[in-house]
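Every heavy atom of this structure was used, including side-chain atoms; hydrogens, water molecules and symmetry mates were not. Order of appearance sets the numbers: ligands from 1, and atoms from 1 within every ligand.
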Amino acid sequence: MTEQDGRKSLGVGVVSLGWMGRLHTRSYKAVRERFPELGVTPRLVAAADPVDEIRDAALHELGFERAYADYHELLADPEVEVVSICAPNFLHEEIALAAIEAGKPFWIEKPMGTSAAQSRRVAQAAEAAGLATAVGFNYRHTPAIEYLRELVRDGALGRITNVRVWLIADYNSSPHSPLTWRASREKAGAGVISDLMSHGADLAQYVVGRIASVSAMTDTFITQRPIPTKVGFGHSGFEIGEETGPVENEDYVAMLVRFEGGAVGTMESSRVSVGPRAEYVIEVYGTSGSARWNFERLNELEICPVADGGAIHGYTRAMAGPQWGQWQRFQPAIGTSMGFDDMKCVEAAQFLRSVLNGEQLAPSAADAWCAAEVDEAAVASAADGQWHDVPRVQGRTTFDA
Ligand SMILES: NC(=O)C1=CN([C@@H]2O[C@H](COP(=O)(O)OP(=O)(O)OC[C@H]3O[C@@H](n4cnc5c(N)ncnc54)[C@H](OP(=O)(O)O)[C@@H]3O)[C@@H](O)[C@H]2O)C=CC1
Ligand SMILES: O=C1CO[C@H](CO)[C@@H](O)[C@@H]1O
């Protein structure tokens, strides 16, 4: 870390410049403006990606000083002090363990690996090395979710009795949408359970507390998809040919869950539903009230207090404002909305603050392991039709604090 204009300059390396790699890059750039009190200027030292054109874009569009084809070179670069890991899931464990070996704190995308065992190995190694971590559970950082969590923890909703979480998306609803790495068991692990329910597990545990047991069923509704002739980013920019290949993991999951605190709930996720685009919802019901949030309207929280027999009963739609979470850093005028990228900037700032002061602030590697255990219990339950206990993760979790 060097000093420049009284600010600390921190060398950043980003592995894989797809959707998330580019978003991590934008987030590092935004931190200096949105979180000036950190006194840190992230310096985009190096990117790593196997594709020539992407490395070219890293240098000439995104502002990296260097671009490597192999992430090992990035990790060996002495000027790279912190690392973002934005590769497809199957590379998460090996890159994270290599970053730990190199002594570099990392911000990794969810799910942290393709299995709970991979997540455990990464979380335990990071903790043993004393490294700050961050995981891409960005929905946590929405001001409405931060406020919902406060309501739950302050007891404003009473005793939490039941919870509903659903993440229903349409990104694979067309049978013509391409066969990407997300449909490969080897590259993704589970299907929608890894891709979306990883967020759901984290959101539920962040707001309500740990999940203790799970019963689940899964299905795959579109079993063959066209093989891309040109790959894109995220879910866009692909071109397809005539040839198809098998979808190897589930499109849909439905779960019943029991929380350690006594609440029960349902959790459901689909990547092939026609209608909702990215309807990611959490509803929390307590003995004194309830509240619900939907990512498609991320600036709002619907809250219902117990009306005790009054004539008017129902939800109040509250809008995010300066009193909630980090809203004020992003918008200077009430009624103006934050967006998806802003949540990632909050995550980047939490990560860098942890690197600077040693306190774990962002969703941690242990949190990602907790989510992975919930997801793996769902996979196991769907396979044998039994309830499965979720192994209790010991580690540096942030949601128990
Ligand atoms: N937090 C969130 O809300 C989100 C999280 N994610 C997570 O982010 C991760 C990446 O997803 P996304 O950005 O959508 O993926 P993309 O498919 O957009 O990008 C993946 C990138 O990784 C590159 N890559 C492939 N193999 C290697 C390798 N051996 N070494 C280095 N780079 C490689 C790809 O190159 P190539 O094109 O050649 O394959 C591509 O540039 C996933 O874990 C996903 O779950 C994704 C979306 C949202
Ligand atoms: O994490 C994620 C969030 O949502 C996306 C689509 O809406 C997913 O595919 C992605 O991996």
Side-chain angles (χ1 to χ4, degrees), residues 13-25 27 46-55 57-58 62 67-75 83-96 98 107-114 118-119 134-142 167-173 177-184 186-203 228 230-238 251 269-273 276-280 295-296 298 340-341 343-344 346-348 362-363 368 371-372 375:
V14 177
V15 180
S16 297
L17 288 177
W19 177 14
M20 281 302 111
R22 285 164 188 252
L23 179 49
H24 280 223
T25 304
S27 305
D49 199 286
V51 182
D52 295 347
E53 304 85 76
I54 295 184
R55 289 200 302 285
L62 305 180
Y68 301 113
D70 183 339
Y71 74 81
H72 293 97
E73 292 180 80
L74 178 145
L75 292 175
V83 181
S84 272
I85 302 171
C86 302
N89 308 347
F90 72 104
L91 292 165
H92 289 184
E93 183 194 21
E94 68 167 67
I95 301 173
W107 175 16
I108 188 168
E109 270 311 323
K110 46 53 60 180
M112 199 174 67
T114 56
Q118 291 195 353
S119 296
V135 182
F137 290 133
N138 25 258
Y139 302 112
R140 274 193 191 195
H141 313 305
T142 315
L167 303 100
I168 307 289
D170 72 346
Y171 66 78
N172 268 350
S173 60
S177 65
L179 188 73
T180 69
W181 62 263
R182 282 177 168 83
S184 152
E186 189 217 329
K187 293 192 167 165
V192 76
I193 294 178
S194 284
D195 201 41
L196 295 180
M197 195 49 90
S198 51
H199 284 296
D202 182 68
L203 209 46
K230 175 176 169 284
V231 293
F233 289 159
H235 303 291
S236 309
F238 290 83
D251 286 333
S269 192
S270 168
R271 60 186 179 189
V272 295
S273 292
R277 309 253 48 188
E279 195 175 271
Y280 305 156
F295 169 62
E296 288 185 347
L298 74 87
F340 179 72
D341 284 17
M343 292 186 270
K344 226 48 185 174
V346 173
E347 201 161 85
D375 289 341

(request) Tell me, please: is P111 in heavy-atom contact with ligand 1, that is, under 4.0 Å? (result) yes
(request) Compute the minimum heavy-atom distance from H199 to ligand 1 and say whether it is under 4.0 Å. (result) yes
(message) K344: which residues meet the side chain to side chain donor-acceptor pair (under 3.5 Å) condition with it, sequence neighbours left out?
(response) E109, N138, E347
(message) Applying a heavy-atom cut-off of 4.0 Å, say which part of E109 lies close to ligand 1: side chain, backbone, both or neither.
(response) side chain
(request) Taking only heavy atoms of V231 into account, list the atoms of ligand 1 that are under 4.0 Å away from them. (result) 37 (O)
(message) So for R22, does at least one of its heavy atoms come nearer than 4.0 angstrom to any atom of ligand 1?
(response) no
(request) Would you kindly specify which portion of C86 sits under 4.0 Å from ligand 1, judged on non-hydrogen atoms: side chain, backbone, both or neither? (result) backbone
(request) Let me know which protein residues bring a heavy atom to under 4.0 Å of ligand 2; chain then number is fine for ordering. (result) W19, K110, Y139, Y171, R182, D195, L196, H199, H235, Y280
(request) Could you see which bit of W181 sits under 4.0 Å from ligand 1, with heavy atoms only: side chain, backbone, both or neither? (result) side chain
(message) I need the contact type for Y280 against ligand 1. Using non-hydrogen atoms and a strict under-4.0 Å cut-off, is it side chain, backbone, both or neither?
(response) neither
(message) List ligand 1 atoms under 4.0 Å from R182, heavy atoms only on the residue side.
(response) 11 (O), 14 (O), 46 (C), 47 (C)
(message) Would G136 count as a polar contact of ligand 1, with the cut-off being nitrogen or oxygen pairs under 3.5 Å?
(response) yes
(request) Check K344 against ligand 1 and report side chain, backbone, both or neither, counting heavy atoms closer than 4.0 Å. (result) side chain
